[in-house]
Student: 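Before anything else, here's the structure in question.
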There are 2 protein chains.
Amino acid sequence: MLTFERYEKILQLLEDQKVTKLADLVEATGASESTIRRDLTILENEQKLKRIHGGASLMKSKVDEPSMMEKQQQFTEEKKQMGKRAASFVQDGDCLYIDAGTSTQAMIPYIQAKDIVIVTNGLNIIQEALQHQFRTYVVGGYVKSGTHAFIGKGAVDSIQQFRFDKAFIGTNGVDINFGFSTPDPEEAQIKQLAMKQSTQSFVLADPSKFGDATFARVADLEEAVLITTEGDDREFFEKLTNVAKVEVVNSDDLHSHS
Amino acid sequence: MLTFERYEKILQLLEDQKVTKLADLVEATGASESTIRRDLTILENEQKLKRIHGGASLMKSKVDEPSMMEKQQQFTEEKKQMGKRAASFVQDGDCLYIDAGTSTQAMIPYIQAKDIVIVTNGLNIIQEALQHQFRTYVVGGYVKSGTHAFIGKGAVDSIQQFRFDKAFIGTNGVDINFGFSTPDPEEAQIKQLAMKQSTQSFVLADPSKFGDATFARVADLEEAVLITTEGDDREFFEKLTNVAKVEVVNSDDLHSHS
DNA sequence: TCAAAATCAATCAAAAACATTCAGAAGAAG
DNA sequence: CTTCTTCTGAATGTTTTTGATTGATTTTGA
């Protein structure tokens, strides 16, 4: 039986039963226990199923949310990998601030840690967090059209009520001198404050943002860990790694499956 | 039997019976007493149930709260008409509080007034308001799974920063003596506060809510204008109109389609 | 109020499930 | 045909889950 056929069979059995024991899968496919385990790990990484002790279950999102959200926005592979890396920093019991935006949204499905709390100012983050059944708090404020971020006095007041272990921030510009920046000063203010309230900060930015200095500065490069991918401009990237703490999603990760 | 399946079974038994003895769960699952105890502590941590001496009971809030998804379907004609009526009270320049829930959501497409501001604690309301390009503010707070309403201290703090011209509130129970009520005390608190901060209040409730007194009281019948449809129970309806200010969507409206 | 009965939390050893490693098999590339 | 890579299954030691036992706590009923 081909590897790919096995994947199909596993997923099909799951569709039918919602939960499946490892032993059942071994019997159904004729493969060994080790192989099935490997398959499950891979399929879980691709968000096709959720592993549970003793077997696997359908993704929660598929159980109670019929695929609407799913195709609403497909993340690029790049974003997924950045998200996965970001999620790997989350530990059990953490209180997280997750900034509005799609980059940050992409990390949520990959968060494995238990007992975490998410605070956010993003409509999309709320939805994603709900789908994955995280304990979620939202800051108040004006709902900005376009980005659907909550900003303004209400947001500021809310964030000041919290302290975070880790803040995950999106950005529009990464410049060696000007640091992280974003076009809207109001949004910049929120990001700044969230980082200030957080013990540790992470900025997610793909290489298309490199070298851009947009209107409102958010923070210096030293103030956060930058999660990104390598990109084309090796020269800029060199300079970057000298100044900022950079977490690179390397090409191996990028080209592995899916 | 898999751990996950056991959880499902426990929750399902609870759905059926509202309270369950430990011994029953042991028998139903075939697991040991210790294991069931452990399961219960875990499920309680996840807010799925409440432990009681000798067993477990449903969370109060879940007692009769239909999940968001079930309600989410297309608006009924009834709801649309109630929404249209509610919207007719909105005037140019109003500051509105619009409560979480589908009844209130249904009014948004019908709002004609210009320069209005919407404040809400409902995820669905934000989305609908954005679609119709209204100036929207959101209160902070804990995101309640199920209804997707924002509640708790954050929400209270936020609402206290505002004054509204009109508040539109949803409810689960309309009882002659007990007034308006809803199953979750935390949600009731928010509704109460919003009404207090508002010059005028409207409650939207279809006749299926008539005669129900759920766990937490929101307000007396006199404190708001009730927007509803006639329904079957003429007798109850008579009594209602004696006590409350009622706006009835009459049958003509109902049958003249949107 | 008190003591017996029931229920509970905490602990521990056995069992089940797990990740990891390694050597061999199957395929692909040269 | 050989070499290299990828995939597989068995063996290893580790982690998680489980059920029994203990003593503490709560409820019951007199």
Side-chain angles (χ1 to χ4, degrees), chain A residues 1-11 13-14 17-60 84-85 87-93 110-116 133 250-258, chain B residues 1-14 17-59:
Chain A
M1 176 174 276
L2 242 43
T3 311
F4 179 74
E5 292 181 284
R6 237 182 16 244
Y7 291 167
E8 292 278 294
K9 189 135 212 157
I10 290 173
L11 291 174
L13 272 183
L14 262 179
Q17 304 182 224
K18 275 200 345 206
V19 274
T20 317
K21 282 199 268 283
L22 191 83
D24 294 346
L25 293 173
V26 170
E27 196 191 357
T29 58
S32 81
E33 210 167 279
S34 302
T35 303
I36 299 295
R37 278 186 211 292
R38 262 186 291 259
D39 291 350
L40 292 184
T41 327
I42 289 168
L43 290 171
E44 177 172 47
N45 258 330
E46 294 178 7
Q47 303 286 312
K48 302 276 177 55
L49 54 79
K50 185 158 167 53
R51 291 193 71 177
I52 56 181
H53 198 90
S57 84
L58 275 184
M59 291 286 318
K60 263 176 256 160
K84 203 182 281 190
R85 176 65 65 97
S88 72
F89 289 101
V90 180
Q91 294 172 308
D92 287 356
Y110 299 105
I111 297 177
Q112 301 287 342
K114 291 283 174 202
D115 296 324
I116 66 165
Q133 317 227 19
N250 65 36
S251 3
D252 285 354
D253 289 350
L254 263 177
H255 297 121
S256 78
H257 46 236
S258 142
Chain B
M1 174 173 276
L2 244 42
T3 313
F4 182 77
E5 294 181 284
R6 234 181 19 243
Y7 293 165
E8 294 273 297
K9 189 135 211 157
I10 291 173
L11 291 174
Q12 195 205 309
L13 274 183
L14 262 179
Q17 305 181 221
K18 293 226 291 232
V19 275
T20 317
K21 281 199 278 280
L22 190 83
D24 294 345
L25 294 174
V26 169
E27 196 193 348
T29 58
S32 82
E33 208 167 281
S34 302
T35 303
I36 300 295
R37 278 186 209 292
R38 262 186 292 258
D39 291 350
L40 292 184
T41 20
I42 288 169
L43 290 172
E44 178 170 47
N45 260 328
E46 294 178 7
Q47 314 267 324
K48 301 278 178 55
L49 54 78
K50 187 160 166 50
R51 290 192 71 176
I52 55 179
H53 198 88
S57 85
L58 275 185
M59 295 280 324

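Small disclaimer: the values here were computed from a predicted structure and weren't measured. In what follows, chains carry the letters A, B, and so on, assigned in the order in which the sequence lines appear, proteins first and then strands, with residues in each chain numbered from 1.
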Student: Just the rounded figure in Å: distance from C1' of D/dT17 to CG of B/Leu2.
Tutor: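 Result: 11 Å.
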Student: Counting side-chain heavy atoms from C-beta on, which of D/dG9, C/dA19, D/dT21 comes nearest to A/Arg51?
Tutor: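 Between D/dG9, C/dA19, D/dT21, the one nearest the side chain of A/Arg51 would be C/dA19.
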Student: When the distance from CD1 of B/Ile36 to P of C/dA6 is rounded to whole Å, what number comes out?
Tutor: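 For the pair B/Ile36 CD1 and C/dA6 P, the rounded distance is 20 Å.
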Student: Report yes if some heavy atom in the side chain of A/Arg37 is under 4.5 Å from a heavy atom in the side chain of A/Ser34; otherwise report no.
Tutor: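 SC-SC contact between A/Arg37 and A/Ser34 ruled out.
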Student: Checking contacts here: which listed nucleotide (C/dC18, D/dT8, D/dT18) is nearest the side-chain heavy atoms of A/His53?
Tutor: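 It is C/dC18.
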Student: Quick one, A/Lys21 and A/Asp24 - any side-chain contact, counting heavy atoms below 4.5 Å?
Tutor: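 Contact flag for A/Lys21/A/Asp24 side chains = yes.
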Student: Looking only at heavy atoms, which two atoms of A/Glu33 and A/Val26 are closest? And how far apart?
Tutor: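 Where A/Glu33 meets A/Val26 most closely, the heavy atoms are CA-CG2, 3.9 Å.
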Student: Donor-acceptor check, side chain of A/Glu46 to backbone of A/Leu43, threshold 3.5 angstrom: yes or no?
Tutor: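 Flag not set: sc A/Glu46 to bb A/Leu43 has no pair under 3.5 Å.
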Student: For D/dG9, does either OP1 or OP2 sit under 4.0 Å from a side-chain N or O belonging to A/Arg38?
Tutor: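 A/Arg38 to D/dG9 OP1/OP2: no side-chain N or O under 4.0 Å.
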Student: If the cut-off is 4.0 Å, is B/Ser32 near the phosphate of D/dG19, judged by side-chain N/O to OP1 or OP2?
Tutor: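 Checking D/dG19 against B/Ser32, a side-chain N or O does come within under 4.0 Å of OP1 or OP2.
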Student: To the nearest Å, give me how far apart CG (A/Asp39) and P (D/dG9) are.
Tutor: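 One finds 10 Å between P of D/dG9 and CG of A/Asp39, rounded.
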Student: Provide, to the nearest angstrom, the distance between the CD1 atom belonging to A/Ile52 and the C1' atom belonging to D/dT17.
Tutor: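 These atoms are roughly 13 Å apart.
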Student: Looking at D/dG19, does its base get a donor-acceptor pair with the side chain of B/Arg37 below 3.5 Å?
Tutor: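 No, the side chain and the base share no sub-3.5 Å donor-acceptor pair.
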Student: Regarding B/Thr3, tell me which of base, sugar-phosphate or nothing describes its non-hydrogen contacts under 4.0 Å with the strands shown.
Tutor: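 Counting heavy atoms under 4.0 Å across all strands, the contact made by B/Thr3 is with sugar-phosphate only.
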Student: So, is A/Thr35 near the phosphate of D/dA10, with a side-chain N or O under 4.0 Å from OP1 or OP2?
Tutor: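 Checking D/dA10 against A/Thr35, no side-chain N or O comes under 4.0 Å of OP1 or OP2.
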Student: Roughly, in whole Å, what's the span from NZ in B/Lys21 to P in C/dC8?
Tutor: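 Taking atom P of C/dC8 as the reference, NZ of B/Lys21 is at 12 Å.
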Student: Could you tell me whether a side-chain N or O of B/Glu44 sits under 3.5 Å from a main-chain N or O of B/Thr41, the two making a donor and an acceptor?
Tutor: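 Checking the backbone N and O of B/Thr41 against the side chain of B/Glu44, no donor-acceptor pair under 3.5 Å is found.
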Student: B/Leu40 CG to D/dG19 P: how many Å, rounded?
Tutor: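 After rounding, the gap between these two atoms is 14 Å.
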Student: Choose from D/dA11, C/dT21, D/dT18 the nucleotide whose nearest atom is closest to any side-chain atom of A/Ser34.
Tutor: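 Given the options D/dA11, C/dT21, D/dT18, the side chain of A/Ser34 is closest to D/dA11.
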Student: I need the CZ-P distance between B/Phe4 and D/dT18, as an integer number of Å.
Tutor: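 Computing the B/Phe4:CZ to D/dT18:P distance gives 14 Å.
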Student: For the pair made of CD in A/Glu33 and C1' in D/dA11, what is the distance, rounded to whole Å?
Tutor: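 Spelled out: CD on A/Glu33 to C1' on D/dA11 is 12 Å.
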